[in-house]
Amino acid sequence: MRKSLQVWLPLLLVCFVPAAASAQAPGPQGGGSFRVQCPTTTLLHPGASTTGGSGSTVNPAPDVSEARYNGPVYRTAAQDPTGAYTFSPALAFLDHGGAIKCQEISGGDGMMTEADGNQTFMFSFGPLSGLSAIVNGQPGTQFPSVFNKAYCDPANPNYVNGQPNPNSPCDPSISDPNGALSDPAGIMNTGVLNGNIPAPLMAFDEDDEFLLSLSNVGMIMRPDLFEQHTVHFHGYPNASSFYDGVPDATIAINIGGTFTYYYVAPDAGTYFWHCHITPPEHLQMGMVGQLYVRPRQNRLVDNANLFQSLAGCAVPSGAPTGTTVTCPARGVSTVVGQQSDLRTACNPATDILCSAPIPAADTGALQPVGGAKYVYNDGDGSTAYDIDVPMQIHGFDPNFHFVGMTFNPEGFADMKDKYFLLNGRSYPDTVGLPAGSVAGWTGGVAAGATNPDPVTNAISTNDTDSISRASQPLPSLITLSAGGGHACAAGVSPCGQRAALRIADLDVQEYQTLSSIGIPMLLVGFNAKILRDQAGNNLYIKTNSITLGGGESLDVILDSTGIAPGTYFLYTPQLDHLSNDAENFGGLMTEVVVTP
């Protein structure tokens, strides 16, 4: 009997494991435990997947649209049309609007190309959703209606590594070029060696529910490393420790696994994210990315008074009996505004760290018809802009990266950056666009060049498996029109454009300085907080030079109003940082082109 058990028990276990795995994940299974999530309904956003159902009071279709914001609304107990949620009749809670948004990334390795032609090995994150948006320099964040479709790009019928995509030919009813890769085979076919610098760009709106799935695909160039990876949103307020990405307080993701992080979008501003496993190593090796949160003020209804929409303190519609709201010291309003939203209300009398103090006075600024872009919930329109320009500062030590690829001990104490990067590129690659692509600009890559790509402007790197991948998708050329942007101030004509530079420093060992000669910089935010005192006075700084260290972010506005057309430079005055390793020209510099 004992010998019989010794024979049959292992056989039973071998048979049981595949059965259990197939029960967990029906369909093709390439190994591991990849599990990608993007719900179309939640407790905060209970709309149906296509019509929105009864949905949110503020946003009836939170998985396909971003509705206008007109103050918080109390949503009373109800049953979702699908029957998915049943609430106690006593339950009522604030509906903040917003939407559901999702993104998927891989954790592994990859290669990038420096401005002097050197190919550099990275530990890196890559896109597994929003691939078409990422390669075109856009955020990869998607609504569930796009994310939950299978990835299939009519322009590229195969996966990134050239393997055939079973969803090709593409059917737009079930597939999308920005859809997610949820099948393990697709995740591995695309994710392996597909690292980006910066890591995939993320952008969403205040009040959104954001779900980020990280799949660890392993490091094919370092098969001896069984590296775990996490995602840490640096400086993110009120992050749950379970989703904060610090392995001492939560989990880390092993090779072959997926973990989905969940966040309710906090205060607007510029943040960034990185892996929190051995941070000095993984950050230096390239596991760093950009993130920004757009403010509610973007979504105000047309002609809404910006001040009242921020400072309003009336009791929201449908609030339970006895609900009270503390009004700000500067004026009492009957408008239901953000001060009525208890999750983000800012009362300087009781909260000295509130992130969005209301202005000292009502300037009368109104929301333009069709909406506008703002860096923060400013209440006076002072942070309005036309163009988003995410800019990630980083530095690479080529010796550290080389040693990291060759199975040798890394010299942390000897780490010394030799390449200085803006969005993963050194000058002149920072402005790598095809010649003639910008009217009035005399720069550009020579005709016939294939790197960067003339369509997407992404720099590709020919990897060790002979496949060329878009490793650096974000150029840093800033293009502004001298006439034809935001609404002009009284007596000012013509009116130029305003670019919001969302600058984050992810450098491991250097402070970095950027200077702008000819176009002053207006510094409006620091570490995702508007520069304003608690009395409501704007403390913006007009300057030609900003300095920040690793782990800091700044929000800067460049305004082309009154600026003569031409090419200007945004560069570091630290002369040893204007280099590409041994070359004495390049580094931390890009161009600002003002066109007529």
Side-chain angles (χ1 to χ4, degrees), residues 123 197-199 201 231-237 239 244-246 267 269-293 353 355 375-376 389-398 400-401 411-427 430 474 476 500-516 521-531 539-558 570-579 587-590:
F123 298 174
I197 178 72
L201 179 63
V231 170
H232 171 67
F233 279 15
H234 192 100
Y236 221 55
D244 199 35
V246 180
D267 304 329
T270 299
Y271 304 88
F272 44 91
W273 59 281
H274 58 82
C275 180
H276 217 294
I277 301 291
T278 323
E281 177 188 31
H282 284 208
L283 269 68
Q284 165 65 227
M285 293 298 289
M287 305 200 82
V288 291
Q290 275 274 46
L291 160 71
Y292 58 90
V293 178
L353 295 178
S355 60
V375 183
Y376 290 100
V389 185
M391 301 189 74
Q392 176 178 298
I393 300 174
H394 199 52
F396 274 178
D397 175 352
F400 192 92
H401 284 252
F412 286 87
D414 297 326
M415 190 185 297
K416 179 64 176 175
D417 291 344
K418 299 293 182 63
Y419 292 105
F420 303 94
L421 313 172
L422 279 175
N423 287 339
R425 305 186 187 191
S426 298
Y427 191 80
T430 50
L474 280 176
S476 302
L501 276 55
R502 300 178 176 274
I503 305 172
D505 187 359
L506 279 298
D507 207 301
V508 176
Q509 58 121 206
E510 298 274 2
Y511 276 81
Q512 302 288 2
T513 298
L514 285 177
S515 293
S516 173
M521 296 187 284
L522 183 67
L523 179 61
V524 300
F526 174 65
N527 286 344
K529 297 291 184 290
I530 189 171
L531 288 180
L539 303 178
Y540 305 157
I541 301 170
K542 184 170 283 190
T543 180
N544 288 111
S545 178
I546 51 126
T547 298
L548 64 170
E552 294 183 334
S553 67
L554 297 174
D555 297 293
V556 171
I557 294 177
L558 294 182
L570 182 68
Y571 70 99
T572 179
Q574 298 161 272
L575 297 182
D576 60 329
H577 292 187
L578 286 173
S579 64
L588 211 61
M589 181 164 68
T590 188

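Along the sequence shown, residues carry numbers from 1.
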Working for side-chain contact (heavy atoms from CB on, under 4.5 Å), residues K416 and E510: CA-CA 9 Å; K416 179 64 176 175; E510 298 274 2; 3.3 Å; yes
Quick one: do L531 and V524 satisfy side-chain contact (heavy atoms from CB on, under 4.5 Å)? Show the steps, please. CA-CA 5 Å; L531 288 180; V524 300; 5.8 Å; no
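Listed here is the closest heavy atom pair of S553 and A528: OG-N, 3.8 Å. Considering every non-hydrogen atom in both G269 and Y376, the closest pair reads CA-CE2, 3.8 Å. A pairwise comparison of heavy atoms in G286 and I197 identifies O-CD1, 4.0 Å as the closest pair. Q284 and M415 get closest at one heavy-atom pair: NE2-SD, 3.3 Å. Contact record, Q392 with P198: OE1-CB, 3.5 Å, taken as the closest heavy-atom pair. For W273 against F233, the heavy-atom pair with the smallest separation is CB-CD1, 3.6 Å.
Proximity of a side-chain donor or acceptor of E552 to a complementary backbone N or O of N527 within less than 3.5 Å is not detected. Looking only at distances, a side-chain donor or acceptor of D505 sits under 3.5 Å from a matching main-chain atom of D507. Side-chain atoms of Q509 do not come within 3.5 Å of backbone N or O of G395 as any donor-acceptor pair. In this structure, the side chain of S515 does not engage the main chain of P573 through any donor-acceptor pair within 3.5 Å. Side chain of T430 to backbone of M589: a donor-acceptor contact under 3.5 angstrom is found. Under the 3.5 Å distance criterion, the side-chain polar atoms of S516 are left unmatched by any main-chain donor or acceptor of L570.
In this structure, L558 and M521 have side chains that are in contact, with non-hydrogen atoms separated by less than 4.5 Å. You'll find the side chain of D417 stays beyond 4.5 Å of the side chain of H394, heavy atoms only.
A distance of 5.0 Å separates CD1 of I546 from CG of L554, quoted to the nearest 0.5 Å. To the nearest 0.5 angstrom, N423 atom CG is 10.0 Å from I503 atom CD1. One finds the CD atom of Q574 at 7.0 Å from the OG1 atom of T547 (value rounded to the nearest 0.5 Å). To the nearest 0.5 angstrom, Y540 atom OH is 10.5 Å from D555 atom CG. Atom CZ of R425 is separated from atom CG of L588 by 14.5 Å, given to the nearest 0.5 angstrom. We find the CG-CD1 distance between L283 and I277 to be 11.5 Å, quoted to the nearest 0.5 Å.
Partner of I393 under the side-chain contact (heavy atoms from CB on, under 4.5 Å) criterion, chosen from L514, L421, L506: L514. The only member of F420, Y571, Y427 that meets ring pair (Phe, Tyr, Trp, His ring centres under 6.0 Å) when paired with H577 is F420.
The aromatic rings of H234 and H274 sit tilted relative to each other, their planes meeting at an angle between 30° and 60°. Between H232 and H276, the ring-plane angle classifies as perpendicular under the 30° and 60° cut-offs.
For F412, the CZ atom sits in a packed shell: over 12 heavy atoms of surrounding residues, nucleotides or ligands are nearer than 6.0 Å.
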